[in-house]
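One structure is given below, encoded as structure tokens.
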Amino acid sequence: MSELADEYRLEYFEEEGFVRTECSECGAHFWTRDESRETCGEPPCAEYDFIDNPGFEAEYSLEEMREAFLSFFEERDHERIDPYPVAANRWRDDVLLTQASIYDFQPLVTSGETPPPANPLTVSQPCIRMQDIDNVGKTGRHTMAFEMMAHHAFNAREAAGNRYAYQGEVYWKDRTVELCDELLDSLGADVTDVTYIEDPWVGGGNAGPAIEVIYRGLELATLVFMCMEQDPDGEYELKDGNRYSYMDTYIVDTGYGLERWTWMSQGTPTVYEAIYPEMISFLKENAGISHTDEEAALVNRAAHLSGQLDIDDVDDVEAARDDLAAQLDVSTDELRTLLEPLEDIYAIADHCRTLAYMLGDGIVPSNVGTGYLARMVLRRTKRLCDTVGVDAPLDELVDMQADRLGYENRDTIRDIVRTEVEKYRETLERGGRRVESLSEEYAAKGEPIPTDELIELYDSHGIQPDMVAEIADDVGADVDVPDDFYSLVAQRHDSSGALESTTEEEDERFEDLPKTEKLYYDDQQRTQFEAVVLDVFERDEGYDVVLDQTMFYPEGGGQPADTGTLSTDDVTVDVTDVQIEDGVVLHRTDDTPGKGEFVNGQVDTGRRRQLMRHHTATHVVIHSAREVLGEHVRQAGAQKGVDSSRIDLRHYDRIDRDDVKEIERIANELVMDNTAVTQEWPDRHEAEAEHGFDLYQGGIPPGEQIRLIHVAEDVQACGGTHVARTGDIGAIKIRSTERVQDGVERITFAAGEAALEATQATEDALYEAAEVLDVSPADVPETAARFFEEWKDRGKQIEELTEQLAEARAGGGDGADEVDVGETTAVVDRIDTDVDELRATANAIAEEGTIAVLGSGEDSAQFVVAVPDGVGVNAGEVVGELAAKVGGGGGGPPDFAQGGGPDVDALDEALEDAPDVLRQIQDA
RNA sequence: GGGCCCAUAGCUCAGUGGGAGAGUGCCUCCUUUGCAAGGAGGAUGCCCUGGGUUCGAAUCCCAGUGGGUCCA
């Protein structure tokens with residue numbers, strides 16, 4: 001780290017009379033105005049010094065503190081921007097949730113490809129850190145949901161010129177520290193008590209010097225100066241062991257924890273009481289938690305102490321409780337009974353806030369991705385409510401937070417929560433029954449429930465081991481939950497966890513070629529153009545042709561490539577596929593038109609028209625689905641085609657037939673309105689400001705300008721080709737819906753000619769069915785139902801008749817051979833009929849006290865042997881012997897067996913041998 | 001994106017290659033008529049769909065559909 005030490009020698013520190021000191025406890029270097037100071041001030045080197053002794057002049061609520069921060073920076077030339085969604089996977093695919101304000105600008109802004117929405121800027125960004133979930137409520141300071149207040153400045157070195165989307169320096173380290181100092185001062189903090197600790201930051205391939213801002217034992221902010229990137233040849237080796245070098249861009253990345261600043265201003269025992277006091281008191285009352293003055297005092301003292309302990313995970317908390325109890329002079333159990341309900345309530349409040357953020361930003365509970373995280377949090381919250389005895393419905397609790405956070409889609413949020421709670425209830429009920437019967441089984445055997453079963457219950461049925469233990473205890477079965485239970489579950493999953501790193505090889509052949517001019521955006525209706533062949537590359541099969549400009553649409557955004565031809569005066573080549581790499585469009589052809597030639601390009605018009613219809617129709621269907629199902633509906637994927645297209649939508653429920661009809665109706669109304677479909681290329685930040693994040697249904701494009709497609713009121717960022725007016729779509733027909741994952745519904749639809757064909761295909765099927773039944777199409781459902789009922793009745797009748805026939809046969813006298821086998825007699829007969837009848841007959845004969853050996857030679861040779869009670873002949877063995885004679889096998893219980901073989905010709909011979917076989921087996 | 005589990009009577013489920021079952025509910029009768037009453041009898045099944053293996057599939061294999069669950 002010493003290499004970076006110079007980075008911290010700031011003019012600002014010098015001017016203000018700061019000294020650099022080494023902490024006497026941990027050895028960290030820090031800057032302070034107080035020359036006599038010895039420790040860095042951060043726990044465990046120091047204690048919380050603000051509980052019951054607020055560090056700021058006035059008390060602030062969460063909302064007031066946020067406003068104070070943002071307006072402070074606004075007054076100092078920062079532009080305030082709206083926060084981004086907590087679902088970071090909506091603009092980047094490397095993470096699921098927003099965990100810091102800088103996530104908003106990664107990777108496109110930090111890399112310099114796209115300009116920031118403002119520079120410098122300030123924001124209060126809601127974040128969710130799932131990794132803290134176990135600590136919430138217990139440590140007094142951990143929250144899963146929080147707002148990271150921040151100010152950012154994006155700088156680029158002068159020497160880089162215009163290579164990046166922003167140029168020059170806005171401000172750097174001195175101004176950043178100065179702003180922080182000034183902010184603390186403006187809130188009335190005692191700045192001589194503030195320490196700035198040197199703490200280099202490394203993460204995500206970037207690094208740089210960073211400063212932790214500590215006041216009265218609490219870390220209030222981290223000031224990161226991101227200016228290095230990982231580089232094997234880099235000059236500096238940092239704490240992660242990798243080498244780094246300086247970048248052309250350097251970025252001020254600060255993080256001020258809104259909750260901590262609020263807490264500091266109030267000095268409450270825990271952060272939770274400072275940030276949502278109303279909810280805490282509501283929950284306490286609802287759960288019936290009340291304390292005597294004596295107990296209240298004890299709780300307060302305990303909170304005081306636990307706040308000062310250095311506890312960063314739950315194991316520490318449990319261990320610390322003993323210490324705590326000793327210091328407070330009470331028993332550990334007594335302390336636990338008092339504190340645990342409070343801890344649960346703190347966690348419930350925090351989890352509800354997390355859920356409000358997640359669901360409010362359009363995350364739908366699911367078995368995959370962010371949806372799974374939402375489901376986990378929701379179920380955990382529900383369990384906490386049940387444990388502590390909060391009986392208010394969960395949707396109401398989440399709504400309290402959603403209301404406070406100002407979400408407008410509160411009804412949808414409540415609906416989602418209710419649906420999800422119901423699903424959880426069903427899972428628990430199912431699981432409960434399962435555990436019960438399993439427990440009874442093992443209790444009867446007198447064995448404990450094995451670990452395998454526990455893992456199976458958790459992994460496949462979502463039942464926690466503690467729940468199993470609870471139920472098993474009621475039934476009287478033993479359960480032994482191994483300490484490493486969850487790692488056993490994990491083992492079950494990584495059969496070969498080695499991720500295949502698909503290192504995409506950059507094709508360097510195209511580097512020197514200019515980007516192809518895209519004519520398909522100029523006039524989307526044209527399909528013919530002229531161009532110059534810049535280069536031709538030979539492939540394994542065929543060629544890649546690069547032109548100076550093209551009308552051919554390369555595959556992208558779920559729209560397949562155009563096909564068509566390129567012609568010179570001498571030759572015409574077929575274009576079978578079109579791809580784009582680094583802005584260079586590659587036309588895959590069967591032959592080469594020749595480098596340097598002028599070509600006439602012709603796009604396959606029919607195909608292109610269908611693709612355009614489907615693409616515009618996709619926008620229309622999404623729009624209709626949002627009208628019908630709700631604003632939370634979002635595209636999770638799409639694929640356009642010529643005959644049909646499909647879109648995957650995030651939705652928390654199944655799409656039923658009525659929904660489909662309504663979506664279809666609204667979509668076709670839009671088609672009939674025949675409104676214009678327009679495109680524009682606005683500045684991306686203006687577009688975002690006007691239309692919000694919902695623009696990006698199909699991913700986020702890079703660049704300063706983005707292409708927007710307007711269809712009626714619907715606006716989406718889109719790079720595809722579209723028809724000119726909605727009427728050109730012709731018609732939209734939804735062909736099917738299916739649930740592709742939990743929380744993701746796939747709609748398959750057809751547009752234009754394909755819609756007509758799809759409808760006709762369905763009608764054909766109906767007409768054919770009508771013809772078979774000889775009724776009119778309208779009568780098909782009723783007739784089919786009747787036929788089905790009648791068919792079932794026939795089955796029952798046949799069964800009855802078979803039995804009657806069998807009894808009649810057994811009554812005898814139809815010339816069957818009757819032979820003596822020891823003390824009993826046997827009937828040996830061949831009846832060419834199906835096995836059911838054979839079986840019934842054999843049973844009937846056996847009822848009369850006679851052994852039945854029946855054979856049938858309909859398709860293959862079949863035997864049925866029935867033996868009356870108390871006769872010492874094993875039917876299974878008899879059948880085995882007989883079946884072997886016809887080249888097959890057979891078996892069954894001793895009193896009734898069946899078998900057979902393929903050799904029908906040998907059937908009669910086998911039956912002739914049957915009496916001998918019977919006698920042999922009886923003797924044996 | 002990946003793994004695992006499940007689909008049998010109205011409901012809950014058992015049945016692992018050979019005659020489709022239990023509990024509960026339903027219908028009828030009897031006994032009682034007081035709170036989940038007792039007894040006797042009865043009806044109820046495309047064993048999810050399609051293919052394959054086999055003399056024979058609810059059962060084994062493959063695919064699909066529907067549902068559940070865990071992980072990244």
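To find a chain, count down the sequence lines: A is the first, B the second, and so on, and within it residues start at 1. Note that the coordinates shown come from a computational prediction; the quantities given were computed from them, not determined experimentally.
- No side-chain donor-acceptor contact under 3.5 Å links A:Asp774 to the backbone of A:Glu771.
- In terms of heavy atoms, A:Cys127 sits closest to A:Val86 at N-CG1, 4.5 Å.
- Defined by atom type and a distance below 3.5 Å, a donor-acceptor pair is present between the side-chain atoms of A:Tyr652 and A:Asp415.
- Nucleotides B:C29 and B:G10 place their C1' atoms 23 Å apart, quoted to the nearest Å.
- A:Gly462 comes within contact range of the sugar-phosphate backbone alone, with a heavy-atom separation under 4.0 Å but no base atom that close.
- Distance from the side chain of A:His461 is smallest for B:C5 among the nucleotides B:C5, B:C70, B:G68.
- Comparing B:U8 with B:C46, their P atoms sit 11 Å apart, to the nearest whole Å.
- Panel note: side chain A:Asp395, backbone A:Arg418; no donor-acceptor pair is recorded below 3.5 Å.
- In this structure B:U49 sits in a base pair with B:A63, meeting the Watson-Crick or G-U test at under 3.5 Å.
- For the pair A:Phe788 and A:Ala897, nearest-nucleotide mapping onto RNA chain B gives the more 5' position to A:Ala897.
- Separating the P atom of B:G52 from that of B:C26 is a span of 44 Å, rounded to the nearest Å.
- Between the C1' atoms of B:G2 and B:C61, the separation comes to 23 Å (whole Å).
- Applying the 5.5 angstrom centroid cut-off and the 30 degree plane-angle cut-off, the aromatic ring of A:Phe896 is not stacked upon the base of B:G18.
- Taking 3.5 Å as the limit, the base of B:U69 and the side chain of A:Asn367 contain a donor-acceptor pair of atoms between them.
- Comparing B:C5 with B:G41, their P atoms are spaced 42 Å from each other, to the whole Å.
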